[in-house]
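Have a look at the structure below, then the notes.
Counting begins at 1 with the first residue of the sequence. Just follow the structure's listing: the first ligand is 1, and inside any ligand the first atom is 1.
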Amino acid sequence: GTRWSLRRHTALVTGGTRGIGNAVVVELATMGAAVHTCSRNEVELGKCLKEWMESGFQVTGSVADLSKREDREKLIQQVSIVFDGKLNILINNVGTFISKPTVDYSSEDVSFVMSTNFDSAFHISQLAHPLLKASGKGSIVFISSIAGIQAIKFPGSIYSASKGAMNQLAKSFCCEWAKDNIRVNSVAPGFTKTSLVEQINEEIVTGIVNRVPMRRAAEPEEISSLVTFLCLPSASYITGQVICVDGGMSVNGFF
Ligand code: NDP
């Protein structure tokens, strides 16, 4: 039935060329959605678009650096043209981190992390609101992190703060935009095997994984399945929630 399908739905996934964003693009497209995505790297984006087209998916893309206001504005203009002014699904996935002790962060570090993670998600949501409203049935999902819920030693205070702020946006937007038939949720992944975490040394990875009751990291597909579910008509009464996908890490207080 149509409750478990995204046919005739349109979606924007920010940062879809690698990791969690890539898995979300594939899964939304598999469920029948037409998807637009973006990244900063034109060559990698072109490669992905070619592969998706060969798989029979309906995916388009733009080169954009979402840490920049002008690029966000241009992206939403392009999305509006591609989808005729209507958007059902917005996945705010783009994110970065700089791991440092708090006293070592420069003001450039702070604004780079905040503009990439928080400002981009806030501003893209603002810009996409008219399109989401016009679709008659909208769903926004923030990709935050369990680091936005719990204090963890790694990857650093400014990253955690940016993610905590995204979780709060899910709650505020839920209340503000329910009247426009837009649901808003936040997915908080635990440690997930992507290019973002390749820089982390093995000792730290072992330390993190040992805190996870399931004793392993997540695959990107284990995150994208919840993200996709939250966009389905089946999830029509779920809004304002922050949901962890973390192998139990966030409830492990004892071992
Ligand atoms: P990756 O670095 O593997 O992928 C990030 C994607 O976003 C790439 O496609 C990248 O392409 C794109 N991107 C990054 N910065 C920008 C930018 N400024 N403008 C446009 N595109 C951009 O990261 P993950 O898949 O691991 O992370 C995705 C989200 O999940 C992030 O918000 C992250 O904080 C969150 N998360 C990840 C966890 C993990 O353990 N991996 C855990 C918890 C949360 P390009 O670089 O070419 O622009």
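For D84, the CG atom sits in a loose shell: 12 or fewer heavy atoms of surrounding residues, nucleotides or ligands are nearer than 6.0 Å.
Ring planes of F97 and Y159: perpendicular class, angle over 60° (limits at 30 and 60°). Ring orientation note: the planes of W177 and H129 are tilted relative to one another, at an angle of 30° to 60°.
Less than 4.0 angstrom separates atom 33 (C) of ligand 1 from at least one non-hydrogen atom of the protein.
Listed by number with element, the atoms of ligand 1 under 4.0 Å from a non-hydrogen atom of S67 are 18 (N). Taking every heavy atom of I143 and a limit of under 4.0 angstrom, the matching atoms of ligand 1 come to 29 (C), 30 (O), 32 (O), 35 (C). Heavy-atom contacts of N41 reach the following atoms of ligand 1: 47 (O) (cutoff under 4.0 Å). Of all the atoms in ligand 1, the ones that sit under 4.0 Å from a non-hydrogen atom of I20 are 25 (O), 30 (O), 37 (C). Heavy-atom proximity to V197, at under 4.0 Å, picks out these atoms of ligand 1: 39 (C), 40 (O), 41 (N).
With respect to the salt-bridge test (charged N to carboxylate O, under 4.0 angstrom), the residues K171 and E176 do not qualify. Remark: E44 engages R18 in a salt bridge, criterion side-chain N to carboxylate O under 4.0 Å.
Within the 4.0 Å heavy-atom criterion, the part of A64 lying near ligand 1 is the backbone and not the side chain. If you look at N93 next to ligand 1, the close heavy atoms, those under 4.0 Å, come from the backbone and the side chain alike. The parts of V94 lying near ligand 1 are both backbone and side chain, judged by heavy-atom distances below 4.0 Å. Counting heavy atoms under 4.0 Å from ligand 1, residue K163 touches it through the side chain alone.
Comparing heavy-atom distances from atom 44 (C) of ligand 1 across C48, G95, S144 singles out S144 as nearest. Taking each of F191, Y159, F112 in turn, the one with a heavy atom nearest to atom 36 (N) of ligand 1 proves to be Y159. By heavy-atom distance, the residue among G190, S62, S120 lying nearest atom 38 (C) of ligand 1 is G190. When the heavy atoms of R18, R40, K68, E44 are ranked by distance to atom 15 (N) of ligand 1, first place goes to R40. For atom 1 (P) of ligand 1, the nearest non-hydrogen atom from the set P220, S195, C38, G19 comes from S195.
Residue T96 places no N or O, backbone or side chain, under 3.5 Å from any N or O of ligand 1. By the 3.5 Å distance cut-off applied to N or O atoms, T17 is counted among the residues near ligand 1. The shortest N/O to N/O separation between L66 and ligand 1 falls below 3.5 Å.
In this structure, N88 contributes its side chain and K137 its backbone to a donor-acceptor pair below 3.5 Å. With D71 contributing its side chain and D65 its backbone, the two residues share a donor-acceptor pair below 3.5 Å. The main-chain N or O of N93 is found under 3.5 Å from a side-chain atom of T14 such that the two form a donor-acceptor pair. Panel note: side chain N185, backbone I238; a donor-acceptor pair is recorded below 3.5 Å. Remark: side-chain polar atoms of R72 are paired, donor with acceptor, to backbone N or O of L66 under 3.5 angstrom. A donor-acceptor pair under 3.5 Å links the side-chain atoms of T192 to the main chain of G190, judged by distance alone.
Atom 40 (O) of ligand 1 has T192 N, 2.8 Å as its closest protein atom, hydrogens excluded (heavy atom only). For atom 18 (N) of ligand 1, the closest non-hydrogen atom of the protein is D65 OD1, 3.0 Å. For atom 24 (P) of ligand 1, the closest heavy atom belonging to the protein is T194 OG1, 3.5 Å. Scanning the protein heavy atoms around atom 7 (O) of ligand 1, the nearest turns out to be G15 CA, 3.3 Å. The closest protein non-hydrogen atom to atom 27 (O) of ligand 1 is L196 CD2, 3.9 Å. The closest protein non-hydrogen atom to atom 43 (C) of ligand 1 is P189 O, 3.3 Å.
Partner of P189 under the side chain to side chain contact (heavy atoms under 4.5 Å, CB included) criterion, out of I146, D246, I20: I20 alone.
Interatomic distance, OG of S120 versus CZ of R69, reported as 11.5 Å (0.5 Å rounding).
Note on L230: it does not cluster hydrophobically with I149, by side-chain heavy-atom contacts below 4.5 Å among ILVMFWY residues.
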